[in-house]
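We use all heavy atoms of the structure for the numbers below, so side chains are in, but hydrogens, waters and symmetry mates are not. Counting starts at 1 for both ligands and their atoms, following the listed order.
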Amino acid sequence: MLRFQHEINNWEVNQVASTVLVTGGTGFIGSHTTVALQKAGYRVVILDNLHNSHAYVVDNIAKITGVRPAFVQGDVRDPQVLASTFRQYTPDAVLHFAGMKAVGESTALPLVYYDNNVHGSVTMLQAMQAANVRTFVFSSSATVYGDPQQLPIPESHRREATNPYGHTKLVVEDVLANLWESEPGWRIARLRYFNPVGAHPSGLIGEAPQGIPNNLMPYVAQVAVGQRDKVRVFGNDYDTPDGTGVRDYIHVMDLAEGHVRALEYCRDCDSSELLTVNLGTGQGNSVLEMIRAFEQASSRPIPYEIVDRRPGDIAACWADTQLAEKTLGCRATRTIQDMCDDAWRWQTSRVE
Ligand code: NAD
Ligand code: UD1
């Protein structure tokens, strides 16, 4: 099946045996990106403090790819761990996923969020400077667009943050722009993800939220297996076709492969580069459409009730993907049904 315009496995892999450091690599997006990187011929070192993930993910990545990534259990805010990791593994690029991402928690614990997301990123950049490594791929978010003024959302859209989590993403984006302006040689990609969902088709890795999921699809999956009664649909009076919120859901493997493309782009450019690009599908789907697709994937009814809007939610959001297609040559092709089928396989096969 066509995944991207060119299959990753068919690339002329000129980077074989290059080593990359993946922070947050046992987490949801980092683990899938590790699989995609290994398939493209990279050696991967994962650094994760296991705050929101499990060490068994490393075993499952090895089962999928046949290659075990190196694993360092450590914190990105710890300069000594970073220095020793750079010394031992000599990576030539960093993909930085480590961070915290729950909007509500960030409002309750802003200092924890600034410390982890901003201080963590700055500490990593300092360690990279010291090790003379200057290729950095950063996990930003469509949250930096706030309430969209236009759809689809282009990268040039004005940026605003409505919560501390969003502010941490804005601050790190700015830190990266300042660093890139101040010091020649940096190759930086700021990737703005829309709504990553789904799982690896093997069912061996996926999203494993702790406690009650904040996000729609993990919640729907838990209702489907009977772990929760029903989905609470936050509002059906938005100005959208069926009144429920519309988002740009992207399969996590399309997102993962987008990272490989972004890394390739940074490595291949002749001079320094500051790339800012959306990673989405360019399509919006409503909450009710997602529930229906999950019913199909699971062959089970998914009970739901309409409740009040969630404070801070926007009506609709989807990406302008032209820049991703033009610069990275990538276009997400997995469907909503693929996302739900793979999430369902993961939900029903996972053992923790
Ligand atoms: P995740 O929680 O599954 O993964 C993050 C990983 O980072 C976890 O394994 C966690 O243990 C680790 N980690 C956290 N703090 C750390 C620290 N100080 N040192 C070392 N490891 C640490 O989250 P995810 O969904 O994979 O998100 C990855 C990145 O993408 C985050 O930066 C997030 O803000 C960003 N992002 C996620 C989404 C989304 O919907 N999932 C959307 C936009 C952006
Ligand atoms: C949320 C965050 C965003 C963050 C992203 C990924 C908020 C306001 N936004 O995005 O900053 O980058 O997660 O972590 O928290 N929904 C329900 N019932 C539910 C859960 C969600 O109806 O139980 C609806 C929401 O109203 C929305 C859609 O489903 O319309 C998607 O919600 P969600 O998965 O939480 O993602 P975002 O709100 O887009």
For atom 4 (O) of ligand 1, what is the nearest protein heavy atom, given as residue, atom name and distance? Gly27 CA, 3.4 Å
So that I know where these two stand, are His32 and Phe97 an aromatic pair - ring centroids less than 6.0 Å apart? no
Using only heavy-atom distances, determine whether the side chains of Tyr145 and Asn278 contain a donor-acceptor pair under 3.5 Å. yes
Part of Phe194 within contact of ligand 2 (heavy atoms, under 4.0 Å): neither
Work out whether the distance between some heavy atom of Gly120 and some atom of ligand 1 is less than 4.0 Å. no
Of all the non-hydrogen atoms in the protein, which one sits nearest to atom 5 (C) of ligand 1, and at what distance? Gly99 O, 3.9 Å
Nearest-option assignment for atom 8 (C) of ligand 2, heavy atoms, candidates Asn195, Asp313, Ile314: Asp313
Proximal atoms of ligand 1 relative to Leu50 (non-hydrogen, under 4.0 Å): 11 (O)
Can you tell me the protein heavy atom closest to atom 17 (C) of ligand 1 and the distance? Asn49 ND2, 3.2 Å
Where the closest heavy atom to atom 27 (C) of ligand 2 is concerned, which of Arg232, Arg247, Met217 has it? Arg247
Within 4.0 Å of some non-hydrogen atom of Gly74, the atoms of ligand 1 are 19 (N), 20 (C)
Nearest candidate to atom 10 (C) of ligand 1, where distance is taken over non-hydrogen atoms, out of Asp48, Thr123, Thr33: Asp48
Taking only heavy atoms of Ser53 into account, list the atoms of ligand 1 that are under 4.0 Å away from them. 8 (C), 9 (O), 11 (O)
Can you pull out the closest protein heavy atom to atom 31 (C) of ligand 1? Residue, atom name and distance to 0.1 Å, please. Phe97 O, 3.2 Å
Quick test of your reading of the structure: of Tyr238, Tyr249, Phe234, whose heavy atom lies closest to atom 31 (C) of ligand 2? Tyr249
Residue, atom and distance of the protein heavy atom nearest atom 35 (O) of ligand 2 read Arg310 NH2, 2.8 Å
Where's the contact between Val287 and ligand 2, heavy-atom distance under 4.0 Å: side chain, backbone, both or neither? side chain
Applying a strict 4.0 Å limit to heavy atoms, is Tyr165 in contact with ligand 2? yes
How does Thr143 reach ligand 2, if at all, at less than 4.0 Å between non-hydrogen atoms: by side chain, backbone, both, or neither? side chain
Run the numbers for me: atoms of ligand 1, each under 4.0 Å from some heavy atom of His51, listed by number. 11 (O)
